[in-house]
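Some notes on the structure that comes next.
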Amino acid sequence: MSTFTYPEVGATRQDTLPAGYHHLRHRVPVGAGRAAFEAAGRAVTTWRLHRASCVRVRADAARAEPGVAVECAIGIGPLRLTAPCVVVWTAYESDRTGFAYGTTGRHPERGEESFVVELADDGTVWFTVTAFSLPGRWYTRLAGPFVPVCQHWYARRLGRTLRRIAAGAPVRR
């Protein structure tokens, strides 16, 4: 198992995120009803959501489970940015499905990110991305405030993609 690059492992499970990091919380409705919830939960925990959002994913398992190594990558050739992580926690519950992974090794950031789908009492299916992070490499420090802007953009993209998946619509790559 790789060593995490931050001490607060599992903190995305809590309501209060650790101080001293950039925080991200993005919550968006992605559908309604049990079928949409199950489709969205499967997409999140089997890496389909990330792949449908133009991210290359290599994982040690077909489904998120604690301890599974995951490497996400964007870009091409020498401009490819890779982000190695390990799944920290999972939730496979009747009304809540998702996981969090934490940064390891060569990841450009230090921190944790969770992706959770919830079925509310009124039938609304909510998707929440929660993260805390700090620059982990010289180039992410140099990018400064541009990194949080990119993180918010990506969270919104995930929400739009998951909405199409939950509705059973074709997903563009």
Side-chain angles (χ1 to χ4, degrees), residues 1-28 30 37-74 80-120 125-137 139-141 147-148 150-159 161-162 165-166:
M1 163 98 74
S2 297
T3 303
F4 291 102
T5 58
Y6 63 103
E8 302 90 346
V9 175
T12 53
R13 239 190 224 271
Q14 311 305 316
D15 288 333
T16 303
L17 296 175
Y21 290 88
H22 170 261
H23 295 165
L24 166 68
R25 286 196 197 273
H26 179 70
R27 186 172 189 249
V28 61
V30 294
F37 168 74
E38 290 175 2
R42 267 191 314 278
V44 167
T45 58
T46 61
W47 325 117
R48 179 178 177 209
L49 173 60
H50 283 68
R51 288 182 174 120
S53 298
C54 297
V55 173
R56 286 189 179 174
V57 178
R58 287 192 341 212
D60 288 350
R63 179 174 120 144
E65 294 292 347
V68 170
V70 182
E71 184 176 88
C72 297
I74 57 171
R80 180 173 291 136
L81 184 65
T82 60
C85 298
V86 172
V87 175
V88 174
W89 59 262
T90 58
Y92 292 102
E93 302 164 11
S94 64
D95 61 353
R96 186 171 183 263
T97 301
F99 74 96
Y101 51 40
T103 60
T104 63
R106 303 173 330 274
H107 197 291
E109 294 282 302
R110 291 185 296 122
E112 191 172 293
E113 189 167 24
S114 69
F115 311 90
V116 177
V117 178
E118 294 174 290
L119 180 59
V125 179
W126 291 93
F127 173 59
T128 305
V129 178
T130 303
F132 61 92
S133 62
L134 287 172
R137 297 278 181 241
Y139 51 88
T140 50
R141 281 189 292 280
V147 173
C150 290
Q151 289 171 330
H152 281 274
W153 173 85
Y154 185 61
R156 288 189 304 273
R157 179 181 177 91
L158 290 174
T161 302
L162 194 56
I165 290 171

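The first residue of the sequence shown is numbered 1, and numbering continues consecutively from there. Source: prediction; values computed, not measured.
Nearest heavy atoms, Pro108 versus Leu81: CG-CD1, 3.9 Å. For the residue pair Val117 and Val44, the shortest heavy atom distance occurs at CG2-CG2, 3.7 Å. Heavy-atom minimum distance, Ser53 versus Leu158: OG-CD2, 3.4 Å. Shown here for Val55 and Ile74, the closest heavy-atom pair between the two residues is CG2-CG2, 3.8 Å. Of all the heavy atoms in Ala64 and Thr90, the pair that sits closest is O-CG2, 3.4 Å. In this structure, Tyr92 and Glu65 approach most closely via the heavy-atom pair CE1-OE2, 3.8 Å.
Contact of the Thr45 side chain with the Thr97 side chain is registered, since non-hydrogen atoms from C-beta on lie closer than 4.5 Å. Side-chain atoms of His152 and His26, non-hydrogen and from C-beta on, never get closer than 4.5 Å to each other. Taking 4.5 Å as the limit, some side-chain heavy atom of Trp89 sits within range of a side-chain heavy atom of Thr12. Annotation: side chain of Ser133 is not in contact with side chain of Glu113 (no heavy-atom distance under 4.5 Å). The shortest distance between side-chain heavy atoms of Phe4 and His107 does not fall below 4.5 Å. Taking the side chain as every heavy atom from C-beta outward, Arg25 and Leu17 approach each other to under 4.5 Å.
Note that the CD atom of Glu38 and the CG atom of Leu119 stand 9.0 Å from one another [nearest 0.5 Å]. In this structure, Thr128 OG1 and Phe115 CZ are separated by 11.5 Å, a value rounded to the nearest 0.5 Å. In this structure, CG in Asp60 is found 10.5 Å from CD in Glu71, a value given to the nearest 0.5 Å. In this structure, Arg42 CZ and Leu49 CG are separated by 13.5 Å, a value rounded to the nearest 0.5 Å.
Using a cutoff of 4.0 Å between basic side-chain nitrogens and carboxylate oxygens, Glu112 and Arg13 are not scored as salt-bridged.
At least one donor-acceptor pair under 3.5 Å links the side chain of His23 to the backbone N or O of Pro18. Side chain of Arg110 to main chain of Thr103: no donor-acceptor pair is present (N/O by atom type, distance under 3.5 Å, no hydrogens or angles). Remark: the backbone N or O of Ala91 is not paired with any side-chain donor or acceptor of Arg96 at under 3.5 angstrom.
In this structure, the ring of Tyr21 has its center no less than 6.0 angstrom from the ring center of Tyr6. Aromatic ring centres of Trp47 and Phe99: separated by under 6.0 Å.
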Practice task
Start with the C-alpha gap between Leu24 and Val129, add the side-chain angles, then the distance that decides, and say whether side chain to side chain contact (heavy atoms under 4.5 Å, CB included) holds.
Solution key: CA-CA 7 Å; Leu24 166 68; Val129 178; 4.1 Å; yes
Exercise for the section: Applying side chain to side chain contact (heavy atoms under 4.5 Å, CB included), run through Glu109 and His22 and close with a yes or a no. Expected result: CA-CA 11 Å; Glu109 294 282 302; His22 170 261; over 6 Å; no
Practice task
Could you give me the CA-CA distance, side-chain angles and deciding distance for Arg157 and Cys54, then say whether side chain to side chain contact (heavy atoms under 4.5 Å, CB included) is met?
Solution key: CA-CA 10 Å; Arg157 179 181 177 91; Cys54 297; 3.2 Å; yes
